[in-house]
Every structure is written in C-alpha cells, then in structure tokens.
Amino acid sequence: MDNLQTYLYISAILFSLGLYGVITRRNGIAVLMGVELILNSANINFVAFARFGGMNFSGQVFALFVIIMAAAEAAVALAIIINVFNNLDTVNIDDARELKL
Amino acid sequence: MDNIAFGLIIAITLGSALMVVVSKQLLYSAIALLFTLFGIAGLYIFMWADFMAGVQVVVYIGGILVLLIFGIMLTNKISSVNISHTSLQRGVGAVVTLGVLGFLISMINNTSWLQLSSVEPSQTADSIGRLLMMDFLLPFEVASLLLLGALIGAAMLSRNTN
C-alpha cells in the first residue's frame with residue numbers, strides 16, 4: 001500500500017488488459033474502451049510518481065491534462081464511429097478500411 | 001483494515017478491467033468499465049490525490065462512460081445479429097499482451113526506484129489550482145482550445161447531412 005511498485009504493477013496489468021482489448025476487439029466502441037484503460041494506467045503512473053517520486057502536484061496536473069485529452073478523444077472518436085455506422089451499417093473496424101466512400 | 005480495503009479495490013479494478021476486454025455483450029463491458037473507473041478513483045485516494053479522484057468520477061464516469069453507452073445504444077440494431085461484438089485472434093493477442101506484461105514487470109523489478117518519503121498534504125485542490133494558473137497556464141489554455149476544437153469537430157462529424 002505504501003510503496004511505488006504496487007501501483008506500477010497495477011498500472012502494468014491495466015495497460016496489458018487495454019492492449020489486449022485494442023488488439024482483439026472488432027467493435028470500434030470496444031476498442032475505444034481498451035484505449036480508455038491504457039490512458040487510465042498512464043494516469044495511475046503519473047499520480048503514483050507524484051506521490052512517491054517527489055514530483056508533488058505536477059504529476060497530478062499532468063494526469064489532469066491526460067483526462068482532458070481523453071474526454072476530447074472520446075467525443076471525436078464516437079462521432080467518427082457513429083458516422084461509420086450510418087454509412088456502412090456496421091461498427092466493425094475491419095470493414096472500415098476506406099477513407100472515402 | 002486499510003490493507004483489506006486496498007486489496008478489495010485492486011481486485012475490483014483488475015477483475016472488472018478483465019471483464020471489459022473479454023465480455024461478449026458490449027453493454028456488460030461498459031458496466032464493467034464503470035467499476036474499473038471507480039476502483040481507479042479509489043487508488044487515487046490511497047495516493048493522497050483526492051481532487052484527482054473527484055475529477056475521475058465526474059469526467060470519466062459522468063462524461064466519457066455515458067458517452068460510450070450512448071454510442072453503444074446508437075450503433076445497435078435490434079434486428080441485427082451481434083457478430084461484431086466478438087473478438088478476433090485471441091491467441092495472438094494473448095501472446096503479444098503477455099509479452100508486453102512480462103517486459104513491463106521485469107523492468108519494474110530490475111529498476112531501483114528512488115522513493116522519497118513525504119508527508120500527507122493538508123489540501124490538494126488549492127495547490128493544483130495554483131499550479132494550473134501559474135506554472136501550467138499555457139498548457140491550460142491550449143487544453144481549453146483543444147476541447148473547443150474537439151466539440152466543434154464532433155458536432156460537425158455527427159451532423160446529419162441529408
């Protein structure tokens with residue numbers, strides 16, 4: 001509970017699970033969930049180094065910026081996925097391989 | 001008592017994160033993601049970052065997760081067969097993932113981490129606000145511009161053009 005490695009292990013496991021989701025899922029929204037897991041694991045690392053590495057609050061501010069970026073990314077990605085669904089009638093990302101219809 | 005709560009939070013976080021990536025039903029994945037995000041907020045509290053825990057709950061659970069559930073509902077047809085919810089190439093994915101995990105864990109084990117002792121801060125929101133308004137003012141403004149651009153872009157993309 002009071003050492004850095006515990007949090008680094010948790011974040012490494014979360015990162016690998018997110019990577020597994022990004023690699024294996026076919027649904028675009030499920031891939032997006034994997035990306036969210038990866039971003040969260042990075043955030044755990046930032047806050048852990050802020051707590052144990054003497055970064056004080058700079059690490060937390062950086063994690064805050066990551067959350068802002070994740071919000072923007074989720075909004076744009078969902079808009080793209082819904083557009084793909086309207087045009088192709090599927091959200092399977094393997095079917096969306098053309099930039100222009 | 002603290003250790004029990006900590007272990008429980010880790011179990012909830014990692015167990016539901018596994019559910020997120022293996023669940024057959026997409027909506028179950030979204031619900032599992034809810035518990036993962038709550039668990040991560042709990043971890044933040046254990047790292048003395050209570051403001052970050054609040055932001056995590058408000059932005060991730062109140063914003064991004066609701067957006068994801070909207071996306072799931074909007075891209076599902078009742079009549080369609082749910083073939084696109086299945087996974088692909090589980091074997092290759094598991095091998096790659098376990099390779100990355102092994103590399104990360106050996107890296108964490110072999111590094112001698114510098115661990116400073118620090119005292120628990122009496123407040124966090126005040127210091128974060130000061131940092132945002134003084135040291136990180138330019139990134140703060142750029143982030144607001146990014147959010148504005150993303151909002152306009154998302155509205156443009158999802159607008160019905162017919």
Side-chain angles (χ1 to χ4, degrees), chain A residues 1 3-5 7-10 12-21 23-30 32-34 36-37 40 43-44 47-48 50-54 56-58 60-61 63-65 67-76 78-83 85 90-92 94, chain B residues 2-3 6 10 13-14 17-18 20-21 26 29 33 36 40 43-44 46-49 52 55 59-60 63-64 67-68 71-72 74-75 84-90 93-94 96-97 100-101 104-105 108 113-116 118 124 127-128 131-132 136 139 143 146-147 150-151 153-154 157-158:
Chain A
M1 195 173 100
N3 66 9
L4 178 63
Q5 275 90 342
Y7 296 102
L8 294 186
Y9 288 136
I10 297 169
I13 294 171
L14 266 183
F15 178 83
S16 331
L17 285 173
L19 189 65
Y20 180 75
I23 292 174
T24 58
R25 290 291 191 153
R26 296 162 74 193
N27 189 313
I29 296 174
L32 202 60
M33 288 184 196
E36 300 295 342
L37 283 184
N40 267 297
N43 264 353
I44 290 179
V47 178
R51 156 79 171 81
F52 297 104
N56 288 327
F57 290 104
S58 301
Q60 293 188 25
V61 172
L64 212 57
F65 284 123
I67 289 180
I68 294 171
M69 202 210 67
E73 167 253 335
V76 174
L78 277 172
I80 292 173
I81 289 171
I82 288 173
N83 235 358
F85 179 75
T90 175
V91 280
N92 187 349
D94 294 328
Chain B
D2 274 9
N3 281 322
F6 189 60
I10 293 177
T13 309
L14 296 182
L18 188 66
V20 171
V21 290
L26 203 54
S29 292
L33 190 63
T36 310
I40 290 168
L43 287 178
Y44 286 162
F46 271 99
M47 288 185 278
W48 300 340
M52 287 300 300
V55 169
V59 175
Y60 261 109
I64 296 178
L67 214 60
L68 280 175
I72 294 169
L74 284 175
T75 55
S84 58
H85 295 178
T86 51
S87 304
L88 193 74
Q89 293 176 327
R90 286 168 185 267
V96 171
T97 306
V100 171
L101 183 64
L104 284 176
I105 288 198
I108 294 170
W113 298 101
L114 171 72
Q115 200 165 313
L116 303 174
S118 50
T124 55
S127 311
I128 290 175
L131 272 179
L132 273 181
F136 294 95
L146 171 79
L147 272 180
L151 279 179
L157 276 174
S158 54

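Each chain gets a letter, A, B and so on, in the order its sequence line appears, and its residues count up from 1. Remember, predicted model here, so these are calculated numbers, not experimental data.
Side chains of A/Phe65 and B/Leu132 form a contact here, defined as non-hydrogen atoms less than 4.5 Å apart. Using a 4.5 Å heavy-atom threshold, the side chains of B/Val96 and A/Ile23 count as touching. No side-chain heavy atom of A/Leu17 sits less than 4.5 Å from a side-chain heavy atom of B/Val20. The closest side-chain heavy-atom distance from A/Leu14 to B/Ile40 is below 4.5 Å. Residues B/Ser29 and A/Arg25 are in side-chain contact: their nearest non-hydrogen atoms beyond the backbone lie under 4.5 Å apart. With a 4.5 Å cut-off on side-chain heavy atoms, A/Gln5 and B/Gln115 count as touching. With a 4.5 Å cut-off on side-chain heavy atoms, B/Val21 and A/Thr24 do not count as touching. Between A/Asn3 and B/Trp113 the shortest side-chain heavy-atom distance does not fall below 4.5 Å.
Both the backbone and the side chain of B/Phe136 come within less than 4.5 Å of a heavy atom in chain A. With a 4.5 angstrom heavy-atom cutoff, A/Leu8 touches chain B via backbone and side-chain atoms both. For A/Val47, the parts lying under 4.5 angstrom from a heavy atom of chain B are both the backbone and the side chain.
The distance between the ring centers of A/Phe52 and B/Phe46 does not fall below 6.0 angstrom.
No other option in B/Val59, B/Leu68, B/Leu151 has as many heavy-atom pairs under 4.5 Å with chain A as B/Leu68. Between chain B and the options A/Ile44, A/Asp94, A/Leu19, the largest number of non-hydrogen pairs under 4.5 Å is found for A/Ile44. Ranked by heavy-atom pairs under 4.5 Å with chain A, the list B/Leu114, B/Thr36, B/Leu43 is led by B/Leu43. Per-residue counts of heavy-atom pairs under 4.5 Å with chain B were compared for A/Leu37, A/Ile80, A/Ile82, A/Ile81; the largest is that of A/Leu37.
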